[in-house]
Structures are given as C-alpha cells and as structure tokens.
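Below, each value reflects all heavy atoms present in this structure, side chains not excepted, and no hydrogens, waters or symmetry copies. The structure displayed is predicted, hence computed values, not measured ones.
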Amino acid sequence: VVAVPGDADGDCAFTSYDVRVISLAVAGAANAPTPCPHAADSTLDGAVDARDALNLLYVLANKRRFVTSAGAVGGSVPGGGSADALALAVTLADDAGQPEAGDRAEVLLEIAISHLGTFSPVAGAPEYAVGEARGASPAGHWLARAAGDGLGNFTA
C-alpha cells in the first residue's frame with residue numbers, strides 16, 4: 001500500500017478532513033481521532049503539530065506542495081578544487097500525490113553552514129552548476145533557486 005501524502009485519517013485520500021483530524025488531535029480535543037503519523041507530519045520535522053495542519057491547508061489551496069524527499073550530498077570539487085561541492089535535491093508532489101511538474105512551483109533553498117552546532121552567516125557568493133543564486137536570507141544564509149526537471153525533482 002502506497003501512503004497518500006497528507007492522508008492523516010487513513011482513508012487513502014487527502015481532503016480537508018485530514019486537516020481537521022490533525023487540528024483536533026493537536027488541540028487535545030476529547031475523542032479526537034489519532035492521525036497517521038507518517039502522513040500527518042507534513043513539515044517533515046519529526047513532530048505532528050499545528051504547523052502541519054497549516055501546511056496542509058496551504059497544500060489544499062495549491063499554495064504549497066508536499067516534500068516527498070530531500071537530501072544533500074557534499075564532497076570535493078572534481079578536478080581537485082579547494083572548495084567543497086554541495087548538491088541539494090528535493091522532490092515535490094501535488095495534493096493528489098503526483099509529481100509536481102514545476103510549471104507553478106518555485107523551490108527556494110536556504111543554505112546555512114554549521115560549525116559545532118552553531119549556524120553563522122555565510123560570506124561570499126556561491127557558484128551554482130544547477131539553479132541560481134537568490135541573495136541571502138534575513139539570517140545571512142545563502143538562498144538558492146532550485147532548477148526543476150518537470151518530474152517533481154528540483155536541484156541546486
């Protein structure tokens with residue numbers, strides 16, 4: 001059985017009722033149904049909370065998409081460069097669980113550098129082989145616009 005993103009009530013469909021299930025559970029309502037954790041954690045932060053319900057409302061309104069996978073791979077620059085290369089990939093799905101074609105989605109990635117658990121603003125401007133620079137976040141982290149392949153995959 002393939003899980004339907006956002007299907008918090010387990011009926012194999014993503015609807016506004018799934019948002020209600022999460023909202024009632026988070027509020028601690030009496031007799032609230034228990035949401036399916038694999039589908040209810042729409043923000044992928046490891047917890048089911050009000051942010052998940054809000055995120056699902058945005059998905060229902062076609063303002064956001066589901067992140068079905070995300071990853072980062074770092075390594076040496078080919079050819080012996082001194083800087084490390086970083087590859088970021090995100091896969092998105094629409095409210096029906098289908099790959100996001102990319103014609104209505106823009107993926108912005110905030111890239112922060114951590115040393116011993118402390119994040120600090122990054123200096124300089126990165127070079128992108130895929131995607132493009134979009135300046136810096138209010139916290140001083142790099143912002144990158146990921147390039148889509150039309151099949152739900154976005155990379156920078």
Answer yes if [X] and [Y] sit in the same cluster of Ile, Leu, Val, Met, Phe, Trp and Tyr residues linked by side chain heavy atoms under 4.5 Å apart, and no otherwise.
X	Y	answer
V21	V59	no
V90	L86	yes
Y17	Y58	no

Self-check item: Interatomic distance, L57 atom CG to R64 atom CZ [nearest 0.5 angstrom]
Solution: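 Reported to 0.5 Å precision, the distance equals 10.0 Å.
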Keeping the roles fixed (side chain from [X], backbone from [Y]), state whether a donor-acceptor pair exists under 3.5 Å.
X	Y	value
D7	D11	yes
S42	G6	no
D41	G46	yes
D18	D9	yes

So, do [X] and [Y] sit near enough that their side-chain heavy atoms are less than 4.5 Å apart?
X	Y	value
L109	L143	no
L88	T155	no
H141	I111	no
I22	L56	yes

Contact summary for [X] and [Y], nearest pair of heavy atoms:
X	Y	result
L24	P33	CD1-CD, 4.5 Å
A40	A8	CB-CB, 4.2 Å
R51	D45	NH2-OD2, 3.2 Å
V130	A147	CG1-CB, 3.7 Å
Y128	G131	CB-O, 3.6 Å
P99	L151	CB-O, 3.3 Å

Quiz item: Would E110 and R134 count as a side chain to side chain contact (heavy atoms under 4.5 Å, CB included) if you check the C-alpha gap in whole Å, the side-chain angles of each, and the deciding distance to 0.1 Å?
Solution: CA-CA 10 Å; E110 183 174 358; R134 279 297 180 96; over 6 Å; no
Quiz item: Do T43 and D52 meet the criterion of a side-chain donor-acceptor pair at a distance under 3.5 Å?
Solution: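 Result is yes, a qualifying pair exists.
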Quiz item: Just wondering, more than 12 heavy atoms not from E106 lying within 6.0 Å of its CD?
Solution: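 Result for CD/E106: enclosed.
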Quiz item: Yes or no on side chain to side chain contact (heavy atoms under 4.5 Å, CB included) for F14 and L60, after CA distance, side-chain angles and deciding distance?
Solution: CA-CA 8 Å; F14 170 55; L60 280 171; 3.6 Å; yes
Exercise. Evaluate the side chain to side chain contact (heavy atoms under 4.5 Å, CB included) criterion for residues V107 and R145: first the C-alpha distance (whole Å), next the side-chain angles of each, then the deciding distance (0.1 Å), finally the verdict.
Key: CA-CA 6 Å; V107 176; R145 181 179 183 272; over 6 Å; no
Quiz item: Going through the checks in order, is the side chain to side chain contact (heavy atoms under 4.5 Å, CB included) test met by L92 and F66?
Solution: CA-CA 5 Å; L92 301 180; F66 289 111; over 6 Å; no
